[in-house]
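Proteins come first, then strands; the chains are lettered A, B, ... in the order of their sequence lines, and each starts at number 1.
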Amino acid sequence: MGLWGCMISLLVNAQDAVYTQSDRWQVNGFTAQGMVQTNHSSYINETNKLSFRVTEIGLNSRFKINDSWSLAGQIVYLDVGNRYAKGGRVDYAFVDWEPNLFDDANWSFKAQVGRVKNNHWLYSSTRDVPHTRLSTILPQSVYFDGFRDVALGSDGVALQIVHLSTLGTWQYKWSYGASPINNAQRDQLFSPLAKGKLSQDYTHQLSVYFAPNNTNIEVGLSVLDSDFSYAANVAGNDPFVNGSATSQRVMLHGQYFAENWELAAEIMRERGVFKDALFTGFSSDQFGDGGYVQGRYLLNPKHSVIARIDLYDMNENDRSGKRIPLQTQGVVPEYFTYMDQATLGWQWHIAEQWQLQTDVHLIKGTGRLTPILFPDPVLNPNKYWTMWSMQLMYWF
Amino acid sequence: MTPFRFFTLITVLGLMVTTVSLTLLFSINAYATLQLSNQPSSVQSAGAQDRPSEQPHPPQVILNNPIFPEISEQFLREVFSGKMRHWPDGKLIKVVVLKSDSPLHQAFIQLRLRMFPYQVQRLWNKRIYSGRADPPIVVKDINAMRAMVLNTPGAIGYLPYGEGKNKPGQKLEMKTYAGLSQRRNQLSAGQ
């Protein structure tokens, strides 16, 4: 701590002539509260009653040490029902280094070390920041809430290179690290009966984005590889055993902006491998896929409407889920292997930094509800279910 | 639920690509027409904070970096959307903008950057709330814009066309940049 403090102090003092105190510190934040209700689903709560658990609050700061070095961090408080564990989190906290490596206006390099965000998907870096999304709930095929804590970022390192070529702008991003998983997150992701320690061993991501010159198009490709391990708590009567899991993903991203409308789409193919954990000798290796297409039309500067189709299949060899009832003696219905969602939304930009957002979701299937390995057909008795939400947000 | 659902998604994506391609074709056509006529199309009040009808030219870029001689349209676009954050000499770029509802700001984004105000706002929001960038400095009018850029090393901003001239006794030289298309016009005219 002392060494870090001394180094920062030296760097800060070396730049005092350039920066004023207000230049050096930046503080921003957001707060959002709303209401949500589901019908025939435990996605938000078990009762299907109107819930006010749509709370998202965040406060962030950047501290410029000098022109190349900064410190950045954000804390968030989230309470969104059963979607993921309620509570405060250090969303990101990293050292940001942006040196003049290339001495060329057409290249830039950036490195971040610490708790870094996942910047590889269109909405991954700000999925909890309400005014950066087009709907209260993101498309679950790609932005599965159950994976929120491990997909949002990781403790590690991230690098980015931007290159302005004659064809357009290229962005190359790479990151490596691991996310801590606490017991509440373990229960959400794995099973409420689990008593052992679930850990993410690593997550490794790479993405390339390209925006052609003189267009408002951006396309990208990203890949992800991540390993998890489960250490059973034998002394605590853990019903599970030691095990491991691997998650791999390939994704295509695209977005287009026009004067009065915009389109965005992401499709992905993912592989999930499970070994042991449920019981000794358990093994599963399957490919799933999904994606969404969404459009937004700006009626005027204050109002816009959103429409989205989101599709997801857990197993490409059993898209209709016929094998699941056979494998579970009829306990788990076939609709737990897919989830298709149609969303209609409306955004009202009430004033500078104020926005009201509402959306309605029509859903077929429950393949993106947690816990993944222990579906609950009692709380989710219907193949078809609905949800609506409304959220008021303010940011500064 | 059919085994071909994923292909349905691909089909929808295909339709989307087709729509975008058609829009692009129209945009390129419109852009070519715009260049030929040298008249802004979508925002008639270009740079028109004071006198809309008398400001047919796109707003003018001003910057406070005496050692940087030239910037490209592409670099400009990435600077004002927060992606490029340093001048080639390593100094931090300080982006200065007017409020988002200012006609000059909107004209600058549409006519100079060839982007859209909501698009730029989204890009900044994503960067600010993921720790990747400081927000731009927001000033209330063009006088404040001129003063902020003049007094802030590394700053870049914009003014209505023709307003970016240096005045006698100015402490720092304010470089102006009219954009590639106008530069081409100047070159072809032998200026």
Side-chain angles (χ1 to χ4, degrees), chain A residues 18 26 28 30 58 60 62 64 67-68 72-74 92 94 96 98-100 103-106 108 110 117 119 125-126 129 131-132 162 164 168-169 171 213-217 254 256-259 262-263 265 267 289-291 293 298 301 309 311 313 316 319-321 338 340 352 364-365 395, chain B residues 1-6 8-10 12-13 15-17 19-20 23-24 27-28 31 42 68 70-75 77-78 83-92 94 99-101 106 110 114-119 121-122 125-135 137 152-154:
Chain A
V18 177
Q26 278 292 336
N28 295 92
F30 60 89
N60 71 53
R62 263 181 78 88
K64 265 196 290 281
D67 281 355
S68 302
Q74 177 164 276
Y92 61 81
F94 56 78
D96 192 53
E98 204 165 344
N100 184 25
D103 200 23
D104 184 334
N106 294 321
S108 89
K110 177 192 270 281
K117 298 298 292 263
N119 290 312
S125 63
T126 52
V129 186
H131 62 284
T132 64
V162 178
L164 312 185
T169 300
Q171 282 186 87
N213 276 338
N214 298 319
T215 68
N216 283 303
I217 290 178
Y256 174 71
F257 299 95
E259 186 165 7
E262 61 175 303
L263 280 175
I267 57 173
D289 50 43
V293 181
L298 283 83
I309 292 289
L311 305 176
D313 285 337
E316 66 175 11
R319 292 185 186 278
S320 58
Y338 55 82
D340 303 338
E352 190 87 3
K364 177 184 173 185
W395 64 94
Chain B
M1 187 72 183
T2 77
F4 303 107
R5 283 180 339 96
F6 194 63
T8 308
L9 183 67
I10 298 293
V12 174
L13 277 174
L15 284 172
M16 190 189 94
V17 170
T19 310
V20 168
T23 309
L24 269 178
S27 303
I28 289 166
Y31 181 74
S42 54
F68 193 43
E70 183 63 274
I71 51 179
S72 67
E73 296 279 1
Q74 195 182 1
F75 183 77
R77 188 177 157 120
E78 304 303 356
K83 210 175 281 174
M84 300 298 273
R85 300 188 57 240
H86 287 83
W87 296 110
D89 62 2
K91 292 273 184 277
L92 199 65
K94 290 172 182 167
K99 286 180 77 172
S100 60
D101 58 358
Q106 296 183 0
Q110 293 198 44
R114 305 265 173 214
M115 298 174 82
F116 303 101
Y118 76 89
Q119 177 190 6
Q121 189 65 54
R122 176 100 47 83
N125 280 337
K126 286 171 86 166
R127 291 180 196 289
I128 293 164
Y129 293 92
S130 61
R132 284 181 286 168
D134 294 319
I137 300 166
T152 310

Problem set entry | Donor-acceptor contact present, side-chain K117(A) to main-chain S125(A), <3.5 Å |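 Here the side-chain-to-backbone pair exists.
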Problem set entry | Check: N216(A) side chain, R114(B) main-chain N or O, donor-acceptor pair, under 3.5 Å | yes
Quick one: what part of [X] sits under 4.5 Å from any heavy atom of chain B, side chain, backbone, both or neither?
X: Q74(A); answer: side chain
X: E316(A); answer: neither
X: Y92(A); answer: side chain
X: D104(A); answer: backbone

Exercise. Taking the inter-plane angle between the rings of W87(B) and F75(B) on a 0 to 90° scale, is it parallel (under 30°), tilted (30 to 60°) or perpendicular (over 60°)?
Worked result: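 Correct class here is tilted.
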For this session: Output the option from P135(B), S100(B), G154(B) having the highest count of non-hydrogen pairs under 4.5 Å with chain A.
Result: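 Greatest number of close heavy-atom pairs with chain A: P135(B).
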Exercise. Between S108(A) and E98(A), do the side chains contain an N or O donor and an N or O acceptor separated by less than 3.5 Å?
Worked result: no
Exercise. Nearest heavy-atom pair of Y118(B) and E259(A): which atoms, and what distance?
Worked result: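 It is CE2-O, 3.7 Å.
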For this session: Might you point out which heavy atoms bring K94(B) and P153(B) nearest each other, and give the distance in Å?
Result: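 The answer is CD-O, 4.0 Å.
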Proximal component of [X], with respect to chain A [non-hydrogen, under 4.5 Å]:
X: M84(B); answer: side chain
X: Q121(B); answer: neither
X: R77(B); answer: side chain

